[in-house]
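The structure appears below as structure tokens.
Below, read A as the first sequence line, B as the second, and so on, with proteins coming before strands; counting in each chain starts at 1. Remember, it's a predicted structure, so these values are computed and weren't measured experimentally.
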2 protein chains.
Amino acid sequence: MLSKSAEYALRATIYIALKGSEDNKLGIDEIATAIDSPQYFTAKILQLLTKNNGVVSSVRGPNGGFYLTDAARKLPVRAVLEAVGEDGIITKCVLGLKECSESRPCPMHEQYRYIKAQLRQMFEKTSIQDLANESGKGKIVINNRQIKTK
Amino acid sequence: MLSKSAEYALRATIYIALKGSEDNKLGIDEIATAIDSPQYFTAKILQLLTKNNGVVSSVRGPNGGFYLTDAARKLPVRAVLEAVGEDGIITKCVLGLKECSESRPCPMHEQYRYIKAQLRQMFEKTSIQDLANESGKGKIVINNRQIKTK
DNA sequence: TTGAAAAAAGATAAATTAGTCTTTATTTAT
DNA sequence: ATAAATAAAGACTAATTTATCTTTTTTCAA
Ligand code: FES
Ligand code: FES
């Protein structure tokens, strides 16, 4: 469905939105641990997210780390996908034809168009903050570990 | 969205369903040309499709080639995806968590579940023959070439 | 103004996917 | 029986994606 890069990008962004703020910046080690992702690889992905679309903000040095601005929180989830170059899921043909259009549809186009429209809706109408809010709720998780029963 | 293997598998299967039959078997070169796919790679994929799920049938030797049995034509499109090991699209979590379930949902699960259900519907309720029929219609295409204006 | 803490950048490695080529086995027709 | 046609199988290469490690730059605080 999505690439590993995109998956980590989404999980990392959600985690930063949930736990981070301008005066509580999060380190890469904390983030990678929290979302069960390979640390160095995640660092690369966060670099993309800071460079593209201004999804994530960062500062170096002591007390540095990653956080999201208020503006970034309002961005659609699609912005995250775009930042890692993975929005093909809502633009391309299911059968891999070079173009997906009404004028030159593949045999699945008619059926897939509705699903694609819903995928687009989901990624465009949902904001990063929306996901963070969702994530704050009881049983919602962004990693593979056992739920803490404490 | 799907891997190249899955895309070629679907296009090839549709083409064989459309143009082939038990007494008009199609050669790999014709198929690959017809669907704009790399010939040798497509051959490998057709091997998978003959081995798994009985999606395509083949015979070697002169007048050999690929075709679909009547039973195969009735198979759901999902059978093609399974045959190439690519049905994750309707089973996995969008965020890449190891399991996708109501009891341990990710922040996108609630929204995605509906879309996933529709994807599953599409791949399970649509048969290979359905796609071939669709493909027989006027403007429907399974390659990237210009429509023949003759 | 120096040292340490952090991310950025760059270089490399490993794994997976995509693609090609060669050889073998099977089938048909002569 | 033999030759030719064809897919199957296997070996290999190339490209891309995923992952790790090292060095550099920036920033803060002592
Ligand atoms: S042309 Fe294939 S999905 Fe639109
Ligand atoms: S848990 Fe992520 S989509 Fe179901």
- Note on the structure: Per atom distances to the A/Ser5 side chain, the nearest of C/dA7, D/dG10, D/dT18 is D/dT18
- B/Lys25, NZ atom: more than 12 neighbouring heavy atoms under 6.0 Å: yes
- Rounding to a whole Å, what distance do you find between A/Ile31:CD1 and C/dA8:C1'? 14 Å
- Does the side-chain contact (heavy atoms from CB on, under 4.5 Å) test come out yes or no for B/Gln129 and B/Leu68, once each step is laid out? CA-CA 10 Å; B/Gln129 185 62 51; B/Leu68 296 198; over 6 Å; no
- Task: Can you tell me the distance, in whole Å, between the CG atom of A/Leu49 and the C1' atom of C/dA7?
- Result: 14 Å
- Query: So, do B/Leu10 and B/Leu81 sit near enough that their side-chain heavy atoms are less than 4.5 Å apart?
  - Reply: yes
- May I have the step-by-step check of side chain to side chain donor-acceptor pair (under 3.5 Å) for A/Ser5 and A/Glu86, ending in yes or no? CA-CA 8 Å; A/Ser5 294; A/Glu86 191 76 9; over 6 Å; no
- Item | Nearest to side-chain heavy atoms of A/Pro62, which nucleotide of D/dT27, C/dA8, C/dA29 | D/dT27
- Query: Side-chain N or O of A/Ser58 less than 4.0 angstrom from OP1 or OP2 on C/dA8?
  - Reply: yes
- Query: For the pair made of CZ in B/Phe41 and C1' in D/dA8, what is the distance, rounded to whole Å?
  - Reply: 16 Å
- Task: Please state how far atom CD in B/Gln39 lies from atom C1' in C/dA18, giving the value in whole angstrom units.
- Result: 15 Å
- Query: Just checking B/Ile28: base, sugar-phosphate only, or nothing, at a heavy-atom cut-off of under 4.0 Å?
  - Reply: sugar-phosphate
- Candidates D/dT26, D/dA7, C/dT20 - which lies nearest the side chain of B/Arg60: D/dA7
- Note on the structure: Of the listed D/dA19, C/dA7, D/dA11, the closest approach to the B/Lys44 side chain comes from D/dA11
- What nucleotide among C/dA25, C/dG19, C/dA9 has an atom nearest to a side-chain atom of A/Lys51? C/dA9
- Query: Heavy atoms under 4.0 Å, any strand shown: does B/Leu26 hit a base, just sugar-phosphate, or nothing?
  - Reply: sugar-phosphate
- Closest to the 5' end of DNA chain C, once A/Thr50 and B/Asn63 are matched to their nearest nucleotides, is A/Thr50
- Message: Membership question, hydrophobic clusters at under 4.5 Å side-chain separation (ILVMFWY): are A/Leu46 and A/Val59 in the same one?
- Response: no
- Query: Which part of the nucleic acid, if any, lies within contact of B/Leu48, taking any heavy atom under 4.0 Å across all strands shown: a base, the sugar-phosphate backbone alone, or nothing?
  - Reply: nothing
- Task: Starting from P on D/dA19, measure out to CG on A/Leu46 and report it in whole angstrom.
- Result: 14 Å
- Per B/Ser3 side chain, nearest of listed nucleotides D/dA11, C/dA9, C/dA18: C/dA18
- Rounded to the Å, how far apart are A/Ile45 CD1 and C/dA9 P? 16 Å
- Worked check of side-chain contact (heavy atoms from CB on, under 4.5 Å) between B/Val55 and B/Thr50: CA-CA 6 Å; B/Val55 177; B/Thr50 59; over 6 Å; no
- Item | B/Leu2 CG - C/dT17 P separation (whole Å) | 14 Å
- When the distance from CZ of B/Phe66 to C1' of C/dT27 is rounded to whole Å, what number comes out? 14 Å
- Message: When you measure only distances, ignoring hydrogens and angles, does the side chain of B/Gln47 come within 3.5 Å of the base of D/dA9 through a donor and an acceptor?
- Response: yes
- Task: Looking at every strand, decide which applies to B/Lys25 at a 4.0 Å heavy-atom threshold: base, sugar-phosphate, or nothing.
- Result: nothing
- Item | Any B/Tyr8 side-chain N or O less than 4.0 Å from OP1/OP2 of C/dG19 | yes
